[in-house]
Amino acid sequence: MLATAPAHALRLRYVVPTRTWLHKFRCSSSSSAVPLAHLSASELSGGNNNTLKTSEDKNNSEKKTAPYYPKRGQTVELVCESLGFKGKGICKVDGTGFVVMCDRALPGERFLGRVTRRKGSYAEVTKIKTLTPHRDLVEAPCEYASYCGGCKAQNLSYEAQLRAKEEQVHELITHVGRFSDNNPGLETVLKPIVPCDIQFNYRNKMEFSFGPQRWLPVEMLHEREDGPVSFALGLHAPGFFDKVLNVDKCLLQSEPANMVLAAVQDCWRDPQLSLSPYNARSHAGFLKHLMLRTGRNVETGSQELMVNFVTSSYKPELLKPLVDKVSSIPEVVSIMNNVNSSVGNTSVGEQEYTLYGKETIAEVLRGLTFQISANSFFQTNTHQAEVLYKLIEECAGLKGDGSEVVLDLFCGTGTIGLTLARRAKHVYGYEVVPQAVTDAHKNAQINGIENATFIQGDLNKIGEDFGSNFPKPDIVISDPNRPGMHMKLIKFLLNLKSPRIIYVSCNPATCARDLDYLCHGVEEKNIKGCYKLMSVQPVDMFPHTPHIECVCLLELS
């Protein structure tokens, strides 16, 4: 929560820090922001007239005070209060309470920050120097933790990471979802976060980028070199599409994947191989990405690896030295080449070629076998996906007599729907990506599931006839991407009135917004809500990152 100004603070007046970053998620599909009546007393710390007052102010109430706004470029002393959207630290200017947000600031940390911009009632700063370390400090095991944007919270104890994520979900559900006044039993609805038992080596997919020049932080610029030695293979520097931080090992991926990364790093810069990294600005160069996927041998349970080289053209003779070296690693069973000739830097190619081994690898989830191609969508943390899908099954509460219809929205490759199919009458899945729909059909065939139908379609562009080709479902599962559900789909669900909705979200902010619409409606659009929020279960799928998954159960009122 945001602290109020101490009694001895200088007199000031400012716009109340109502966490504008919360408001925009409700505004993104609606013209109205969250009413101030739904904000907590500590956030409305200025009182009804939105003004902070000291005892001196009370004696001189008629005197006007100037607003306090830190200027761009100004250095201020800050204390991080909590973590907010995208893992940014919510801070205050010491002695004033003015709200600022800072990337890589952690709870309890006192530091100097430079103001980079002001946005309405808060500002953004860049951390310059830590004055007092944050509480729950631990040593980050990764050498790139200070520079890579992937694992911002490695030096925060895992218990503290869980607390911060749980608090963020609760705050969003309360303020954006507006459940504080409408649901007196909120403390039983909001469940404690489910931790991840494996905090490292949990990712089954990593994508690294090639670049013509290594990105270095300011303090290491003296190490910059020219020529092939300066070529980079690693992760994009935070905020840059054209700058690559060279990485020799990533602690989030499997050990065999790190062996492949090391093998490629060991030889690809050799001038004799004539391999050039792609330049995202000039659009010249051959090597674009190195994608590594880890699966499992269904019979032995041992790890299997797919290596995917993404290139700007098809020149297998150039890749042959890399293929020969990487294929010598026992876990590598597939080497693919996706050719992406467009100027875009995506890893999905227009053509795909098999350079070694088989075209797919397998993974087992909830007793089902899934074939994974180079561009398939699959839950990135297989171990925690088992936990997530078990929670979804429990929320679904299928009778098991084969009498219920399940509608699986944003179904991807069908993983959620297929895990429920054996206890349902029929599963209908919708997904916009054609390849994912194809993979869903294949996964159904592999597992001998005949009561599942998967349809390609854009759920953000549904028409009046949507729903005419399937019976009314008993259970709806919605697992949208980060922007959440379009208002057209929300209106459809409110008209459909399925007895139960399970909302699976990778973005608690848009999740809270959509739960608000489904339960409370949208007054300005004359849309009435008709659901009751029964439970919100946060799940930590990605330790050391700001990402949070939630499984929410709604029942028809």
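Positions are given from 1, in the same order as the sequence printed here. It should be emphasised that the depicted structure is a prediction, and the values quoted were computed from it without experimental measurement.
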Using a 6.0 Å cut-off, check whether atom NZ of Lys461 has over 12 heavy atoms from anything other than its own residue. no
Within a 6.0 Å radius of atom NZ on Lys191, are there more than 12 heavy atoms belonging to other residues, nucleotides or ligands? yes
Can you name the nearest heavy-atom pair linking [X] to [Y], along with the distance?
X      : Y      : value
Met206 : Cys250 : CE-SG, 3.6 Å
Val115 : Lys71  : CB-O, 3.3 Å
Leu515 : Cys552 : CD1-SG, 3.9 Å
Ser347 : Asn375 : O-OD1, 4.0 Å

Sequence neighbours excluded - salt bridge (charged side-chain N to carboxylate O under 4.0 Å, His left out) pairs with any residue from [range]:
range            : answer
residues 538-549 : Lys165-Asp540
residues 482-502 : Arg500-Glu555
residues 129-153 : Asp103-Lys152, Asp136-Arg163

So, using ring pair (Phe, Tyr, Trp, His ring centres under 6.0 Å) as the criterion, who are the partners of [X] when residues are at least two apart?
X      : value
Tyr531 : none
His547 : none
Phe378 : Phe370
Phe208 : none

State, yes or no, whether a side-chain contact exists between Gln379 and Glu363 at a heavy-atom distance under 4.5 Å. no
Donor-acceptor contact below 3.5 Å, side chain Arg296 vs main chain Val364: yes
Test your reading of the model: is there a side-chain donor-acceptor pair from Gln537 to the backbone of Leu388, 3.5 Å cut-off? no
If only side-chain N and O atoms count, and only distance matters, is there a donor-acceptor pair under 3.5 Å linking Gln253 with Asn201? no
Just by distance, no angles: are the side chains of Asp439 and Ser376 close enough, under 3.5 Å, to form a donor-acceptor pair? yes
Centroid-centroid under 6.0 Å between Phe466 and Phe492 rings: yes
When the ring centroid of Phe454 is compared with that of Tyr428, is the distance short of 6.0 Å? no
What pairs with Gln161 under side chain to side chain donor-acceptor pair (under 3.5 Å), at least two apart in sequence or on another chain? His544
Taking only residues two or more places apart in sequence or in another chain, which ones pass side chain to side chain donor-acceptor pair (under 3.5 Å) with Thr130? Glu109
Applying salt bridge (Lys or Arg N to Asp or Glu O under 4.0 Å), can you list everything that pairs with Lys390, at least two apart in sequence or on another chain? Glu394
Identify, with sequence neighbours excluded, every residue that meets salt bridge (Lys or Arg N to Asp or Glu O under 4.0 Å) alongside Glu207. none
Qualifying side chain to side chain donor-acceptor pair (under 3.5 Å) pairs with a residue from residues 406-420, counting only residues at least two apart or across chains: Tyr389-Thr415
